Amino acid sequence: MRKKVILDVDTGADDAIAIMLAATCREMDLVACTTVYGNRHVDQTTTNTLAVLDHIGRQDVPVFKGADRPLVKTNNMDYASDNDGAPSSNLPVKWSHRQEDRQPAADFLVETFRTAKEPISLVALAPLTNIATCLAMEPKFTELVPDIVIMGGAHNGGNMTPAAEFNIWHDPDAAEAVFSAGFKTITLVTLDATHQALVARADCDRLASSKTAASQATAAIIRQLINAYDRSEEQISTGTAPVHDALAVASLLRPNLLRKCQGAVNVETLASPNIGQTTIDLKCKGAAARTVEIALNADGPEFVRYLTVALTGC
Ligand code: RIB
Ligand code: CA
């Protein structure tokens, strides 16, 4: 049976690849995408999401726009809209003539999980504001969602600040609410894991050779990511790039891509400069409600092999 998923995205580069992976692989049934601010303003992430789905012929997948700013700390960054309707220039996709659905993302998520006849995995690849909003709207949301996979957090150093990973940093209050809500199964795919699943230029050549729209676009996006990482101070291994969100999606169908351990995750919501830091307690003595399956390691070569096969329809 195909695995039903809903992706919560702030479509930028790696979200785009995650969407194409979920929408292309025949083992997966992409029910919908919900969007949120993060990599760009939510207007832009929504435009990007629609354009990516259209690019691979998946105009059937509905998109629901969500939050345009964090629950509490709205001073983290400027959330002014910068959307002229065109997809972001780093995405090799054309304008979509579709509009997002009128229903707000959180309303859609609560209603969908309330009425679901089959299990749907919720995959959060962005700041967790939409998910926390669902918890506020429906306290039983944790019981309605069979499993949630979150790309975020870090055990050994962040990428937004030395302490915090980008998705958690943007809305630490939402993240703390999600990690403490008591979801049945939370899988956290951290930066520690994604930085072990690196894609190289030669892998992009192989991806491009399979000639599908998804694999060609993925190759082009990752080549740009590699160039950006090579210019940045992140010291990822030269000539490679992590594809954070795609690893989180891939792990749903290939759990053996990740090495996980159980622990508690606490989020710093008050003390600058460590706002958004995730403290991972692998000997958690805390309440069972906070127990998370935490991926700190990943099988990089196997991820690259799977990505290449899956984007050709697996
Ligand atoms: O830290 C990486 C995460 O932040 C990814 O989800 C990326 O798309 C950004 O949202
Ligand atoms: Ca993302």
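From a predicted model like this one, the values you see are computed outputs, not experimental measurements. Atoms within each ligand, like the ligands themselves, are counted from 1 in listed order.
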| message | I'd like the atom name of the N/O/S atom in D245 lying closest to the Ca ion (ligand 2). | response |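 Closest to the Ca ion (ligand 2) among those atoms: OD2.
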| task | Return the name of the atom in D10, of element N, O or S, nearest to the Ca ion (ligand 2). | result |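 For D10, the N, O or S atom at the smallest distance from the Ca ion (ligand 2) is OD1.
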Only heavy atoms of [X], strictly under 4.0 Å: list the atoms of ligand 1 that pass.
| X | result |
| --- | --- |
| N159 | 1 (O), 2 (C) |
| D15 | 8 (O) |
| N167 | 3 (C), 4 (O), 5 (C), 6 (O), 9 (C), 10 (O) |
| L125 | 6 (O), 10 (O) |
| H244 | 2 (C) |

| request: Check the pair I6, V123 against side-chain contact (heavy atoms from CB on, under 4.5 Å), reporting the backbone distance first and the verdict last. | output: CA-CA 6 Å; I6 294 176; V123 185; over 6 Å; no
| message | Using a strict threshold of under 4.0 Å (side-chain N to carboxylate O), is an ion pair present between E138 and R114? | response |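 Looking at E138 together with R114, the answer is yes, because their closest N to O distance falls below 4.0 Å.
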| field | Salt bridge present between D203 and R201 (N-O < 4.0 angstrom) | value |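 Looking at D203 and R201, the cut-off is not met.
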| Nearest protein heavy atom with distance in Å, relative to atom 8 (O) of ligand 1 |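 Of the protein heavy atoms, D14 OD1, 2.6 Å lies nearest.
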| task | Just need the protein heavy atom nearest to atom 2 (C) of ligand 1, so name the residue and atom and give the distance. | result |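 Nearest protein contact, heavy atoms only, for atom 2 (C) of ligand 1 is E165 OE2, 3.4 Å.
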| message | When you measure from the Ca ion (ligand 2) to the N, O or S atoms of L125, does any of those distances fall below 3.0 Å? | response |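 Yes, since at least one N, O or S atom of L125 sits under 3.0 Å from the Ca ion (ligand 2).
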| query | Is the count of non-hydrogen atoms from other residues, nucleotides or ligands lying under 6.0 Å from R259 atom CZ greater than 12? | reply |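 Counting neighbours around CZ of R259, 12 or fewer heavy atoms of other residues, nucleotides or ligands fall under 6.0 Å, so no.
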| Counting heavy atoms not belonging to K94, are there more than 12 under 6.0 Å from its NZ? |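 Counting neighbours around NZ of K94, 12 or fewer heavy atoms of other residues, nucleotides or ligands fall under 6.0 Å, so no.
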| field | Of the listed options N39, I168, D245, closest to atom 6 (O) of ligand 1 (non-hydrogen atoms) | value |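 When every heavy atom of N39, I168, D245 is considered, D245 comes closest to atom 6 (O) of ligand 1.
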| Looking only at N/O atoms, are A126 and ligand 1 under 3.5 Å apart anywhere? |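 For ligand 1, there is no N or O atom that lies under 3.5 Å from one belonging to A126.
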| query | Are V61 and W95 joined in one hydrophobic group, where the rule is that I, L, V, M, F, W and Y side chains link up if heavy atoms are under 4.5 Å apart? | reply |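 V61 and W95: separate clusters.
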| task | Considering non-hydrogen atoms only, spot the tightest contact between A200 and I226 and give its length. | result |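 Closest approach of A200 to I226, heavy atoms only: C-CD1, 3.7 Å.
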| request: Under 4.0 Å, heavy atoms only, figure out whether ligand 1 is touched by the backbone of T194, its side chain, both or neither. | output: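 For T194, there is no contact with ligand 1 at all, from either part.
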| field | Value rounded to 0.5 Å, distance of CD in E165 from CG in L191 | value |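 Rounded to the nearest 0.5 Å, the CD-CG separation comes out at 5.0 Å.
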